[in-house]
Amino acid sequence: MSFPLLTATAALPAVGAVATAAVPAARRTAAKWLALLVSLATLVLAIVVLVRFDPDGARYQLTESHAWIADFGVRYELGVDGIAVALLALTALLIPFIILAGWHDADPLETGSKRWRPTQGFFALILAVEAMVIISFEATDVFLFYIFFEAMLIPMYFLIGGFGDRAHEHGEETASTQRSYAAVKFLLYNLVGGLIMLAAVIGLYVVAGNFSLAEIAQARANGTLHMATSTERWLFLGFFFAFAVKAPLWPLHTWLPNAMQESTAPVAVLITAVVDKVGTFAMLRFCLQLFPEASKWATPVILVLALISIIYGALLAVGQRDIKRLVAYASISHFGFIILGIFAMTSQGQSGATLYMVNHGISTAALMLVAGFLISRRGSRLIADYGGVQKVAPVLAGTFLIGGLATLSLPGLAPFVSEFLVLVGTFTRYPAIGIIATFGIVLAALYTLVLYQRTMTGPVKPEISAMPDLKARELVVVAPLIVLLIFLGVYPKPVTDIVNPAVKQTMSDVHKTDPKPEVEAAK
């Protein structure tokens, strides 16, 4: 039997989480190093998966299949396509930076403080989330996917509620209340979505007799599995609702600003750059593949909701006073672009959406982590408390600017290519929606440049005058992300070569082809 590479990639951070949590309380630094080494080892395994994956090979590769709950048709089935490989690599790449950035985020404020849980718990929870996200990308059994789709909510709940942001304008008691509120809101929203999905998962089993994604899709393609139109639509809505909450899509988005505002910067990155990607990934893997006709039926409404997310998120970002809430609303706008690309039902749109998931993860990590370093120095999240930072901390200001320019999709930086593909793919089939969506780019330029102007330029405020620049550990976190943003901005081919074959197969699932140009090129 060949080495179970996919299992190992998910199991390593899971075992690392248990080992990190078991480190004695007095060995806080050892726990940090253990978590970092486990995350780096997981990255090595993810690179091996990436190297062994053949974009032109079978749809699902490195597959594993074992009987699990045979009486109910549940199997332990794993496999990755190009989309899953790209997001698996993104997750494994970001976790070491998240751990390094949060190196001191769970340290006690003072002896006997009850505000923070043990440091070991903080890093163990991060590794636990990584393990659950990775296996969610790998699972090809619907029930197996559902278990980890829901299970990742528990460590995220404790990361939000137990290890919140230290920078708070109110007292510790008020801050603790707001963290608890944000954590409970996150959990309830996602649990409701998960319970609705559970009903749909059970309904799918009743109709199909098993949970295997490959078998159900094959049976549908062969015509041996028939779903009534109404049944398919109800099942699609059950799955899509849960994924739209996770993504998040307007109007199911309201948990995200609270969760990101009250989290530490690394945990905020974990939410929006890693965990939320499971929602948009699942739309491609499960909604379109299992329910192709229902996906096409729901497309007009979903495109409108995605368009509202783009404009609404950008407009609210413009008016924010809190740095983290601004990034949260910007992310809602960006997820609108991703969902727009998925349901435009064109190869350019879906390739752009998948590339956008990767690029948004890198750009948001760069911007939010630098913002976290900034906030930790000043002790405030409020934009009005800053000014003139570029004069006293030019490296910090420069990296903050590059992260911001990536957020507004400046040409030459990674998100531009993906956003351009999404808009082109949308315009070819839905020109009116494509045109309106471009206003999101204008608004992104507005909120990003205003944020930079108010925090980094102008007179140096007295509280800023002694602010130190980025330290060595912080540069190790930020520099590789900046390099990736520039590299993928000028040469996205390594990612597109991996995802494009999977996108073509997804287009085939929904029986869609790209619209022909109205004016043929001159011969």
Side-chain angles (χ1 to χ4, degrees), residues 83-84 86-88 90-95 98 126 129-130 132-137 145 148-157 159-160 182-183 185-194 197 239-263 265-287 305-306 309-310 312-313 317 324-325 327-342 353-369 407 415 418:
I83 299 169
L87 294 176
L88 189 155
L90 171 70
T91 301
L93 173 71
L94 291 181
I95 295 299
I98 288 172
I126 291 175
V129 172
E130 179 182 24
M132 294 175 187
V133 169
I134 286 176
I135 204 166
S136 296
F137 290 142
F145 168 83
F148 290 98
F149 179 82
E150 287 293 278
M152 69 179 72
L153 301 179
I154 304 304
M156 286 305 311
Y157 168 81
L159 283 171
I160 297 169
K185 189 174 184 180
F186 161 82
L187 188 63
L188 289 179
Y189 266 66
N190 284 275
L191 278 179
V192 169
M197 181 182 169
F239 277 77
F240 180 80
F241 183 86
F243 303 152
V245 172
K246 183 84 78 179
L249 177 69
W250 183 93
L252 306 171
H253 67 284
T254 58
W255 63 267
L256 182 63
N258 295 98
M260 289 186 66
Q261 179 183 19
E262 298 303 328
S263 300
V267 172
V269 172
L270 189 64
I271 294 170
T272 190
V274 177
V275 172
D276 288 354
K277 298 298 187 301
V278 178
T280 47
F281 162 79
M283 292 178 189
L284 280 165
R285 170 165 281 190
F286 296 101
C287 287
L305 294 178
S309 289
I310 292 170
Y312 172 86
K324 289 185 176 179
R325 288 184 72 88
V327 178
Y329 280 110
S331 291
I332 292 169
S333 181
H334 295 151
F335 276 106
F337 277 109
I338 293 170
I339 296 171
L340 187 69
I342 292 172
T354 305
L355 187 60
Y356 212 141
M357 292 186 224
V358 175
N359 292 338
H360 172 264
I362 299 170
S363 62
T364 298
L367 179 62
M368 179 58 84
L369 292 179
T407 298
S418 44

Heavy-atom nearest pair, Leu252 first then Tyr189, reads O-CD2, 4.0 Å
Do Lys246 and Thr280 have side chains that approach each other closer than 4.5 Å (heavy atoms only, starting at C-beta)? no
Quick one, Met357 with Leu90, criterion side chain to side chain contact (heavy atoms under 4.5 Å, CB included). Give me CA distance, side-chain angles, the key distance, then yes/no. CA-CA 9 Å; Met357 292 186 224; Leu90 171 70; 5.7 Å; no
Using a 4.5 Å cut-off on heavy atoms from C-beta on, say whether the side chain of Ile332 contacts that of Pro257. yes
Between Val278 and Met132, is there a side-chain heavy-atom distance shorter than 4.5 Å? no
Evaluate side chain to side chain contact (heavy atoms under 4.5 Å, CB included) for Ile95 paired with Leu270, printing each intermediate quantity in order. CA-CA 8 Å; Ile95 295 299; Leu270 189 64; 3.6 Å; yes
Ala92 to Glu130 - nearest heavy-atom pair and separation: CA-OE2, 3.8 Å
Please state whether the rings of Phe186 and Trp255 are parallel, tilted or perpendicular, taking 30° and 60° as the class boundaries. perpendicular
Which pair of heavy atoms, one from Cys287 and one from Phe239, lies closest together, and at what distance? SG-CB, 4.1 Å
Ring-plane angle category for Phe149 and Phe243, please: parallel below 30°, perpendicular beyond 60°, tilted otherwise. perpendicular
Given the options Val267, Val269, Val327, Met260 meets side chain to side chain contact (heavy atoms under 4.5 Å, CB included) only with Val327
Nearest 0.5 angstrom please: Ile160 CD1 to Gln261 CD, how far? 12.0 Å
Please evaluate residues Glu150 and Leu191 with respect to the criterion side chain to side chain contact (heavy atoms under 4.5 Å, CB included), reporting the C-alpha separation (whole Å), side-chain torsions for both, the decisive distance (0.1 Å), and the verdict. CA-CA 7 Å; Glu150 287 293 278; Leu191 278 179; 3.7 Å; yes
Would you say Thr364 and Thr272 are linked by a side-chain donor-acceptor pair, where the criterion is simply a distance under 3.5 Å? no
Spacing of OG1 belonging to Thr407 relative to CG belonging to Asn359, to within rounding of 0.5 Å: 11.5 Å
For the residue pair Phe240 and Leu249, establish whether any side-chain heavy-atom pair is separated by less than 4.5 Å. yes
Quick check: closest heavy atoms across Asn258 and Ala182, and the distance to 0.1 Å? O-CB, 3.4 Å
pair Leu87-Val274: side-chain heavy atoms closer than 4.5 Å: no
Are any non-hydrogen side-chain atoms of Phe241 and Met197 less than 4.5 angstrom apart? no
dist Phe286:CZ -> Phe281:CZ (nearest 0.5 Å) comes out at 6.0 Å
Identify the heavy atoms of Thr254 and Lys185 that sit nearest to each other, and give their distance. O-NZ, 3.4 Å
Could you check if a side-chain atom of Ser263 sits within less than 4.5 angstrom of a side-chain atom of Leu159, using non-hydrogen atoms only? no
Can you tell me how far NE2 of His253 sits from OG of Ser331, rounded to the nearest 0.5 angstrom? 12.5 Å
Rounded to the nearest 0.5 Å, how far apart are CG of Leu355 and CD1 of Ile338? 10.0 Å
d(Phe137 CZ, Ile83 CD1) to nearest 0.5 Å is 11.0 Å
Nearest heavy-atom pair of Phe145 and Ser136: which atoms, and what distance? CD1-O, 3.4 Å
Given the rule in the side chain to side chain contact (heavy atoms under 4.5 Å, CB included) test, do Val192 and Val245 qualify, once you have shown the distances and angles that lead to the verdict? CA-CA 9 Å; Val192 169; Val245 172; over 6 Å; no
Should Met156 and Ile271 count as side-chain neighbours, where that means a heavy-atom distance under 4.5 Å? yes
